[in-house]
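Because only heavy atoms are used, hydrogens play no part in the values below, and waters and symmetry mates are left out as well, while side chains stay in.
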Amino acid sequence: MALARVSEILKMADKANTSVIAFNSSDYNMIHSVFTIAEELNKPALVMLDPRHAVLWGWGNPEIYAQIAIEEARKVKVPVSFHLDHCMDFDLIMRCIKAGFPSVMYDGSMLSYAENVKNTAEVAKVAHAMGVDVEAELGHVGFAVTETDQDDLDLYTKVDVAARFCEESHCDSLAIAIGTAHGFYKKTPKLDLQRLQDINAATDTPLVLHGGSGVPDDQLEKAFTMGINKFNVGTEYFYNYYQTMKAYCQEHEDIFDLQTTVQASLQDYLRQKMQLCRM
Ligand code: 13P
């Protein structure tokens with residue numbers, strides 16, 4: 001049984017001066033593949049449920065996701081865990097906590113500082129009483145499709161506010177905006193590594209980097225030694241999944257072996273991506 005607390009895995013990553021990689025995973029193929037390759041490479045890893053996909057699980061049933069993740073974690077020895085990503089819906093967060101999620105994200109990054117702190121602290125109070133970790137976001141990681149979010153300094157996390165936010169919100173990890181954005185980039189992101197170092201110096205709270213698809217490896221390797229302990233990837237992983245399905249269906253009339261091919265392709269991608277985690 002290797003289901004671990006996310007905060008424990010982030011602590012391990014911090015000690016090793018690296019980052020665990022967290023993959024948005026919407027179904028069995030994706031969860032199973034992450035934990036299988038984590039075990040093969042002997043590296044911790046995380047899967048994350050996006051609230052948009054929570055609707056798919058038995059029509060709003062995160063309990064099924066939790067059961068699959070717990071069962072898959074039971075099969076491996078390396079520490080793995082799962083997490084509810086980007087959620088603003090208090091009811092869904094509570095439901096995930098009750099279902100056994102070891103970690104949830106309350107995303108108040110679009111709110112005022114005061115509202116973000118207040119709501120995150122409320123979630124943290126309940127979550128901590130249940131032994132569940134809470135990720136928060138300060139500053140705002142926007143969308144790559146806009147082409148402007150990733151460079152908009154107004155959205156970046158302010159160094160002087162980050163430490164105060166962590167203290168007041170009681171979050172266990174903090175997602176920061178330093179030049180990434182969600183989705184496919186139209187132009188290569190350039191991380192503000194000085195800002196990352198300054199935020200890391202100002203707080204002991206583990207830092208999280210969102211919008212991981214398409215960030216060049218050399219920038220990630222630096223960011224991982226400068227305080228990023230959790231790195232989120234979604235778009236690349238889904239793209240691999242759907243492109244493999246599409247190609248397979250175009251090339252084959254008998255599609256009963258599709259799942260095997262899909263899992264093999266996901267696992268090839270993960271084998272390469274997880275090398276970035278130096279644990
Ligand atoms: P990408 O989909 O851009 O990789 O971002 C994933 C993410 O940050 C999930 O929280």
Side-chain angles (χ1 to χ4, degrees), residues 1-10 20-87 89 91-106 127 130-135 212 230-245 248 255-271 273-274 277:
M1 169 82 176
L3 185 68
R5 277 190 76 145
V6 170
S7 52
E8 286 304 317
I9 294 179
L10 267 54
V20 66
I21 310 189
F23 296 93
N24 286 115
S25 300
S26 65
D27 68 5
Y28 171 78
N29 283 329
M30 299 183 95
I31 297 170
H32 172 75
S33 294
V34 172
F35 291 176
T36 299
I37 299 306
E39 182 78 343
E40 180 187 305
L41 301 180
N42 196 26
K43 291 176 188 289
L46 306 173
V47 294
M48 306 184 290
L49 173 64
D50 186 283
R52 286 167 289 186
H53 295 136
V55 181
L56 305 176
W57 286 93
W59 295 269
N61 187 348
E63 289 80 5
I64 295 174
Y65 192 95
Q67 280 171 27
I68 292 174
I70 290 166
E71 180 57 24
E72 288 298 303
R74 210 177 50 76
K75 296 178 188 162
V76 300
K77 291 185 204 71
V78 69
V80 294
S81 197
F82 61 106
H83 169 80
L84 174 67
D85 201 15
H86 286 294
C87 194
D89 176 348
D91 290 342
L92 180 57
I93 289 176
M94 292 307 133
R95 194 163 166 192
C96 286
I97 289 174
K98 281 193 200 131
F101 276 63
S103 177
V104 294
M105 176 182 190
Y106 174 74
M130 306 279 284
V132 170
D133 299 316
V134 176
E135 179 179 325
K230 174 172 175 277
F231 170 61
N232 287 10
V233 182
T235 300
E236 274 180 3
Y237 193 39
F238 284 113
Y239 187 75
N240 178 299
Y241 195 172
Y242 303 147
Q243 283 300 112
T244 307
M245 281 205 269
Y248 191 91
I255 53 170
F256 270 59
D257 285 332
L258 170 69
Q259 304 289 330
T260 323
T261 305
V262 158
Q263 283 191 14
S265 174
L266 290 176
Q267 293 179 15
D268 282 347
Y269 165 79
L270 293 165
R271 218 170 262 121
K273 199 76 189 175
M274 274 194 218
C277 167

Colleague: If you define the side chain from C-beta out and look only at heavy atoms, does anything of Tyr241 sit under 4.5 Å from Leu266?
Modeller: yes
Colleague: Can you check whether Met48's main-chain N or O pairs, donor with acceptor, with Asp85's side chain at less than 3.5 Å?
Modeller: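 No, the answer is negative, given that no donor and acceptor are paired below the 3.5 Å cut-off.
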Colleague: Between Ser265 and Thr261, is there a donor-acceptor pair closer than 3.5 Å when you use the side chain of the first and the backbone of the second?
Modeller: no
Colleague: Any idea which heavy atoms bring Val20 and Ala45 closest together, and the distance?
Modeller: CG2-CA, 3.7 Å
Colleague: Does Ser81 use its side chain to pair, donor to acceptor, with the backbone of Ala4 at less than 3.5 Å?
Modeller: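 Yes, Ser81 side chain to Ala4 backbone: donor-acceptor pair under 3.5 Å.
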Colleague: For the residue pair Phe23 and Tyr269, does the interplanar ring angle fall in the parallel (under 30°), tilted (30 to 60°) or perpendicular (over 60°) class?
Modeller: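 Because their plane-to-plane angle is over 60°, the rings of Phe23 and Tyr269 count as perpendicular.
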Colleague: Evaluate whether atom CZ of Arg52 has more than 12 neighbouring non-hydrogen atoms of other residues, nucleotides or ligands under 6.0 angstrom away.
Modeller: no
Colleague: Restricting to non-hydrogen atoms, name the atom on Ala127 and the atom on Val134 that form the minimum distance, rounded to 0.1 Å.
Modeller: CB-CG2, 3.4 Å
Colleague: Please report the interatomic distance CG(Leu10) to CD(Glu135), rounded to the nearest 0.5 Å.
Modeller: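 Those atoms lie 8.0 Å apart.
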Colleague: Taking Met30's backbone N and O only, do any of them form a donor-acceptor pair with Asp27's side chain (distance below 3.5 Å, no angle check)?
Modeller: yes
Colleague: Give the C-alpha distance, both sets of side-chain angles, the deciding distance and a yes or no for side chain to side chain contact (heavy atoms under 4.5 Å, CB included) between Leu84 and Tyr65.
Modeller: CA-CA 10 Å; Leu84 174 67; Tyr65 192 95; over 6 Å; no
Colleague: Minimum heavy-atom separation for Thr244 to Val262, with atom names?
Modeller: CG2-CA, 4.0 Å
Colleague: Would you indicate whether the side-chain heavy atoms of Val80 and Val34 approach each other to under 4.5 Å?
Modeller: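 Heavy-atom side-chain distance check fails, nothing below 4.5 Å.
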Colleague: Might you point out which heavy atoms bring Ser25 and Tyr237 nearest each other, and give the distance in Å?
Modeller: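 Where Ser25 meets Tyr237 most closely, the heavy atoms are OG-CE2, 3.7 Å.
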Colleague: So, for Met105 and His86, which heavy atoms are closest and what is the spacing to 0.1 Å?
Modeller: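 Closest heavy-atom pair between Met105 and His86: SD-N, 3.3 Å.
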Colleague: In the structure I gave you, are the side-chain heavy atoms of Glu72 and Phe82 within less than 4.5 Å of one another anywhere?
Modeller: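 They are not in contact (no side-chain heavy atoms under 4.5 Å apart), so the answer is no.
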Colleague: Quick one: does Pro51's side chain get under 4.5 Å of Asp89's, heavy atoms only?
Modeller: no
Colleague: Evaluate the side-chain proximity of Tyr28 to Glu71: yes if any heavy-atom separation is below 4.5 Å, no if none is.
Modeller: no
Colleague: Using a 6.0 Å cut-off, check whether atom OH of Tyr242 has over 12 heavy atoms from anything other than its own residue.
Modeller: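 Count over threshold, so yes.
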Colleague: How about Lys75 and Thr36: do any of their side-chain heavy atoms sit closer than 4.5 Å?
Modeller: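 Result no, sub-4.5 Å side-chain heavy-atom pair not found.
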Colleague: Within a strict 4.5 Å, meaning less than it, do heavy atoms of the Cys277 and Phe231 side chains meet?
Modeller: no
Colleague: Any side-chain heavy atom of His83 sitting closer than 4.5 Å to one from Leu46?
Modeller: no
Colleague: Hey, is Lys98 close enough to Glu63 for a salt bridge, meaning N to O under 4.0 Å?
Modeller: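 Salt bridge between Lys98 and Glu63, a charged N being under 4.0 Å from a carboxylate O: no.
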Colleague: Can you see which heavy atom on Ile255 is nearest to which on Tyr248, and at what distance?
Modeller: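 Result for this residue pair: CA-CE2, 4.0 Å.
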Colleague: After noting the C-alpha distance and the side-chain angles of Ser33 and Gln267, does the key distance pass the side-chain hydrogen bond (donor to acceptor under 3.5 Å, both in side chains) rule?
Modeller: CA-CA 6 Å; Ser33 294; Gln267 293 179 15; 3.3 Å; yes
